[in-house]
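As structure tokens, the structure follows; a few thoughts come after it.
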Amino acid sequence: MSSTQNPNDHPPAGNRPDDDGDKTIILNARELLEYQEQMRQDKRKVGSLLVIDGTQADLGHHAAVDAEVVIGREPGGLSLRDRKCSRRHAAVARRGDLYVVRDIGSTNGTLLNGVTLTGEQPLRDGDRIVIGQTVIKFTIVDDAEVGYLRQVEQLVLTDDLTGLMAKHRFDAALADAIESTIAAGQPLCAIMMDMDGLKAINDRHGHQVGAFTIGRVGVLIGRILASRGEACRFGGDEFSAFVPRAGLAAAMEISEHIRREVEAMDVVYGPVTVKARISIGVAERPEDVTDVDRLLALADQALYRAKAKGRNRVSD
């Protein structure tokens, strides 16, 4: 038998001396005990609030209760879009190892496990808080579970490429904005956007550069809209947005700001630098339009007019 080793006779992956990334770490008894103790310390128990039923815009929303979390329509805490919820509706607070919930003067009241909440009541693992149409489940979780819930929330509520609102959540938020602005007698504008020349970027530099460019443009749109409105990636290289309590002139100004910033931006991906362009259509909601699809269709028609006029422009 030849003593020459067959080059195909490799040892198993885990036993290769040069395969450091695939080795199993062997712990002795002392190290194992220290590791287990560290794991116990790391798994700090905290209260968790998770929206499990309600408007599409709120489903999956999560908050960990380290001190006090205010539930309501105002930003911060556990912010809801449920129109039957007050701006500051209820609060969940930590008192040592105990968690309590109280209504904070809401208009429609708060239910705890189906019973109207009066005063401050202790919370148990699995309790359900009902505010308007929203059901919030309270659980006791460890740090690992908090991290998991935050990742799930990110996946459910946002577009992974741009960080903008997920489309299903955007549609629900726009429907709510239409209803609330009609009730208040206020204007609302929808915006449709489509990047110009993305195919040329894909063909010349590859789809990775194209996707990166879409992501950068989405981040820019979100930054400009900020507290003035909401946006989502409609699909591919198209974006939708709405601006409540803003007439056509104000929405056109915001849209032109977006167009200029996109035009001025250098998108750098490794050794490649590309320039993006965007066409934008704006529509103010007419009195007889009360649903999302019809309003977005009007903005889409304005977008086609921007394209027809030569692209890289804003049209109403």
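Annotation: ring pair (Phe, Tyr, Trp, His ring centres under 6.0 Å) contacts of F239 (sequence neighbours excluded): none. By the ring pair (Phe, Tyr, Trp, His ring centres under 6.0 Å) test, F234 is found to be paired with no residue, residues two or more places apart in sequence or in another chain being considered.
The line from OG1 of T110 to CD1 of I131 is 4.5 Å long, rounded to the nearest 0.5 Å. Remark: R169 CZ to H61 NE2 distance equals 6.5 Å, nearest 0.5 Å.
The closest side-chain heavy-atom distance from I224 to R228 is below 4.5 Å. Between L123 and V100 the shortest side-chain heavy-atom distance does not fall below 4.5 Å.
For A246 against C189, the heavy-atom pair with the smallest separation is O-SG, 3.4 Å. Scanning both residues, I221 and A231, for their nearest heavy atoms gives CG2-CB, 3.9 Å.
Comment: R259 engages E256 in a salt bridge, judged by a side-chain N to carboxylate O separation of less than 4.0 angstrom. Remark: R102 engages E68 in a salt bridge, criterion side-chain N to carboxylate O under 4.0 Å. Salt bridge D196/R311: present, at least one basic N to carboxylate O contact under 4.0 Å. Ionic pairing of K167 and E238 is not present here: no N-O contact between side-chain nitrogen and carboxylate oxygen is shorter than 4.0 angstrom. D159 has a carboxylate O that lies under 4.0 Å from a charged side-chain N of R233, or vice versa, which qualifies the two as a salt bridge. Residues D66 and R94 are not paired through a salt bridge, judged by the lack of any N-O separation under 4.0 Å between the basic side chain and the carboxylate.
Put simply, the side chain of D127 never gets that close to the backbone of F138: no donor and acceptor are under 3.5 Å apart. A side-chain donor-acceptor contact under 3.5 Å links R305 to the backbone of D316. In this structure, D82 contributes its side chain and T134 its backbone to a donor-acceptor pair below 3.5 Å. With hydrogens and angles ignored, the 3.5 Å screen pairs no side-chain donor or acceptor of R216 with any backbone N or O of F212.
Side chains of D194 and S279: no donor on one and acceptor on the other come within 3.5 Å. Side chains of Q56 and D171: no donor on one and acceptor on the other come within 3.5 Å.
No path of Ile, Leu, Val, Met, Phe, Trp and Tyr side chains, each step under 4.5 Å between heavy atoms, connects V219 with M193, placing them in separate hydrophobic clusters. No single ILVMFWY cluster, assembled from side-chain heavy atoms under 4.5 Å apart, contains both L164 and F170. A single hydrophobic cluster is not seen to contain both L303 and M195; linkage of ILVMFWY side chains at heavy-atom distances under 4.5 Å, directly or through other members, places them apart. No single ILVMFWY cluster, assembled from side-chain heavy atoms under 4.5 Å apart, contains both I178 and I191.
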